[in-house]
Amino acid sequence: MGGIQVSSKQTTGKNGIIDCDVHVYLKSREELNKYLPQPWRDWYRPLNRAYGNIQGNRVDAKPPNGGGAGTDPDFLREQLINEYGIDYAILLPRAMLNNLPDPDMASAVAAAYNDWLADTWLDKYNHDGVFKGSLYIATQDPIGAAKEIERWAGHPHFVQVMTDSGATAPFGQRQYHPIYEACEKYGFPLAIHPGTDGMGINHQPTPGHPTRYIEFHTCLSLAFQAHLVSFLTEGVFVKYPKFKIALVEGGVSWLAPLMWRLDAEYKGLRYEVPWLEKRPSEFLRDHVRITSQPIERPDDDKYLLTMLEAMDAEHILMFASDYPHWDFDSPRRAFPKLPAELHRRIFYENAKEFYNL
């Protein structure tokens with residue numbers, strides 16, 4: 001399969017790449033406990049994932065000095081930042097909190113994760129500013145989430161708010177609006193990442209629970225599609241004209257046909273959504289970005305290139321590797337050879353503009 005034009009000899013310089021999905025993890029529960037007050041320190045127990053791959057991370061991503069993949073800033077620099085010449089890495093921790101029935105617990109754990117990420121990655125090991133962070137929130141506590149966003153406003157290295165795709169209701173609905181108001185006020189986009197779907201208090205986006213991981217993983221995009229349609233039809237981007245979202249690790253090629261369908265429905269049903277004075281798809285360029293991993297790669301790359309054109313990838317798509325997961329997308333091999341301007345937009349410019357880097 002064709003590779004993108006990145007020199008294999010350059011391993012320490014910058015290559016014009018912003019990686020929008022880099023996962024970092026706690027070394028141990030004790031690391032979180034330093035930031036988690038009582039009674040939550042004793043009460044909090046993560047709800048285990050409903051589905052899990054046998055090998056969740058790359059087998060070579062374990063640091064040589066011990067610990068799990070994504071726990072050592074120095075090794076991550078060596079294996080990702082220096083190897084590929086990454087300019088910025090957008091860090092997404094994996095707290096996965098939207099499934100917890102206790103909103104106070106969920107917000108307390110989110111705050112602890114944010115304190116840990118700031119201390120461990122964004123301040124202590126970030127002399128060159130290459131690491132940019134994501135503020136975790138729990139959507140079952142919108143007021144608490146808004147307060148957490150306010151708490152970190154102005155931090156130089158937090159660039160977005162993030163939450164799981166698992167939810168009790170589509171994200172356009174008004175109970176979530178305090179989150180979007182805070183995001184707009186403090187200039188944070190909201191990233192949505194797969195997690196907690198069908199777990200705890202959350203609904204499964206499929207008709208029922210899949211039997212195997214391959215079903216679950218293939219259908220990750222279904223929740224993203226539902227949330228995006230909800231954002232658009234509920235008028236979130238009309239009410240909050242500066243608010244933006246990033247759809248992270250939910251696939252890519254579904255976007256164009258979904259928008260074609262939604263625009264077609266809008267022609268006959270626009271009386272239901274009078275606040276939309278233009279087609280739903282026309283909000284994408286100003287408000288929505290989607291990350292590339294896992295990108296669908298057909299046998300013939302011409303079909304992917306056609307789909308990238310159809311979805312306006314030049315302005316909407318941002319590169320992501322999903323390091324250190326098992327399905328990591330190398331910046332050198334994830335895409336077929338792209339036109340130079342499209343390559344520059346996907347790998348650098350779109351994220352630079354979106355995150356004001």
Side-chain angles (χ1 to χ4, degrees), residues 20-29 31-37 40-41 44-49 70-71 89-123 126 131-168 171 176 178-183 186-197 199-202 223 227 243-250 291 320 322 325 355:
C20 295
D21 187 18
V22 178
H23 293 296
V24 292
Y25 296 92
L26 299 163
K27 292 180 179 178
S28 66
R29 172 61 186 269
E31 203 172 21
L32 181 67
N33 284 346
K34 291 190 299 183
Y35 305 99
L36 190 59
W40 315 119
R41 190 183 309 154
Y44 170 58
R45 296 292 183 274
L47 294 179
N48 292 330
R49 298 167 62 184
T71 63
I90 312 300
L91 306 182
L92 289 87
R94 299 302 295 123
M96 296 198 291
L97 301 174
N98 283 359
N99 54 6
L100 298 175
D102 187 334
D104 295 322
M105 178 187 291
S107 283
V109 177
Y113 264 91
N114 295 333
D115 288 327
W116 162 78
L117 185 67
D119 284 352
T120 306
W121 290 86
L122 303 184
D123 298 333
N126 204 22
F131 295 139
K132 300 300 180 184
S134 305
L135 278 170
Y136 227 110
I137 61 164
T139 58
Q140 63 270 57
D141 181 15
I143 301 301
K147 291 179 180 178
E148 184 67 7
I149 294 167
E150 181 179 24
R151 182 167 78 98
W152 289 101
H155 189 284
H157 298 303
F158 275 115
V159 296
Q160 69 182 1
V161 174
M162 74 168 290
T163 194
D164 311 318
S165 57
T168 57
F171 280 154
Y176 302 115
I179 297 171
Y180 313 147
E181 182 178 0
C183 285
Y186 296 109
F188 288 117
L190 173 70
I192 301 169
H193 187 282
T196 70
D197 302 89
M199 297 171 56
I201 61 174
N202 291 337
H227 288 315
F243 174 59
K244 300 178 181 181
I245 64 171
L247 305 177
V248 181
E249 202 179 323
T291 65
D322 194 30
H325 287 172
Y355 294 118

field: Which atom of L122 lies closest to which atom of G133, heavy atoms considered
entry: CD2-N, 3.7 Å
task: Look at the aromatic rings of H155 and W152 and report parallel, tilted or perpendicular, splitting at 30° and 60°.
output: perpendicular
- request: Mind checking the OG-CH2 spacing from S107 to W40? Nearest 0.5 Å is all I need.
  value: 9.5 Å
statement: For G195 and M96 the tightest heavy-atom approach is CA-SD, 4.1 Å
query: salt bridge (Lys or Arg N to Asp or Glu O under 4.0 Å): which pairs involve residues 156-167, sequence neighbours left out?
result: R94-D164
query: What's the shortest heavy-atom distance between L36 and A108, and which atoms?
result: CD1-O, 3.7 Å
- prompt: To the nearest 0.5 Å, how far apart are OH in Y25 and CH2 in W116?
  reply: 9.5 Å
- line: H23 meets the ring-ring contact (aromatic ring centres under 6.0 Å, His included) criterion, sequence neighbours left out, with H193, H325
- prompt: So which pairs with a foot in residues 135-159 pass salt bridge (Lys or Arg N to Asp or Glu O under 4.0 Å), sequence neighbours left out?
  reply: D115-R151, E148-R151
- request: Please name all residues satisfying side-chain contact (heavy atoms from CB on, under 4.5 Å) with A95, sequence neighbours left out, ordered by chain then number.
  value: L97, Y113, Y136
Side chain proximity check, I245 to F171, heavy atoms < 4.5 angstrom: no
query: Within the distance-only criterion (no hydrogens, no angle test), does the side chain of N202 pair as donor or acceptor with the backbone N or O of N98 below 3.5 angstrom?
result: yes
message: Closer than 3.5 angstrom, by distance alone: can the side chain of D21 be matched with the main-chain N or O of A320 as a donor-acceptor pair?
response: no
task: List the atom of F158, the atom of A118, and the distance in Å for their closest heavy-atom pair.
output: CE1-CB, 4.0 Å
T291 side-chain N/O to E249 backbone N/O, donor-acceptor pair under 3.5 Å: yes
message: Give me the atom names and distance for the closest heavy-atom approach of A110 to A138.
response: CB-N, 4.5 Å
statement: The reported gap from CG in L190 to NZ in K244 (rounded to nearest 0.5 angstrom) is 13.5 Å
- prompt: Roughly how far apart are K34 NZ and S28 OG, rounded to 0.5 Å?
  reply: 8.5 Å
- request: Output all residues satisfying side-chain contact (heavy atoms from CB on, under 4.5 Å) with P46, sequence neighbours left out; order by chain, then residue number.
  value: R29, Y44
query: Taking C-beta and beyond as the side chain, do T168 and Q140 meet within less than 4.5 Å on heavy atoms?
result: no
field: Nearest-0.5 Å distance, CE of residue M162 to CG of residue L92
entry: 4.5 Å
field: Validation row: H157, F131 side chains within 4.5 angstrom (heavy atoms)
entry: no
message: Distance check, rounded to the nearest 0.5 Å: L26 atom CG versus L117 atom CG?
response: 9.5 Å
query: Quick check: does any side chain N or O of S134 sit under 3.5 Å from a backbone N or O of L91, one acting as donor and the other as acceptor?
result: yes
message: Restricting to non-hydrogen atoms, name the atom on L47 and the atom on M199 that form the minimum distance, rounded to 0.1 Å.
response: O-CE, 3.4 Å
query: Do side-chain atoms of N99 reach the backbone of T196 as a donor and acceptor pair under 3.5 angstrom?
result: no
- prompt: Considering residues at least two apart in sequence or located in another chain, which fulfil the side-chain hydrogen bond (donor to acceptor under 3.5 Å, both in side chains) criterion with D119?
  reply: Y35
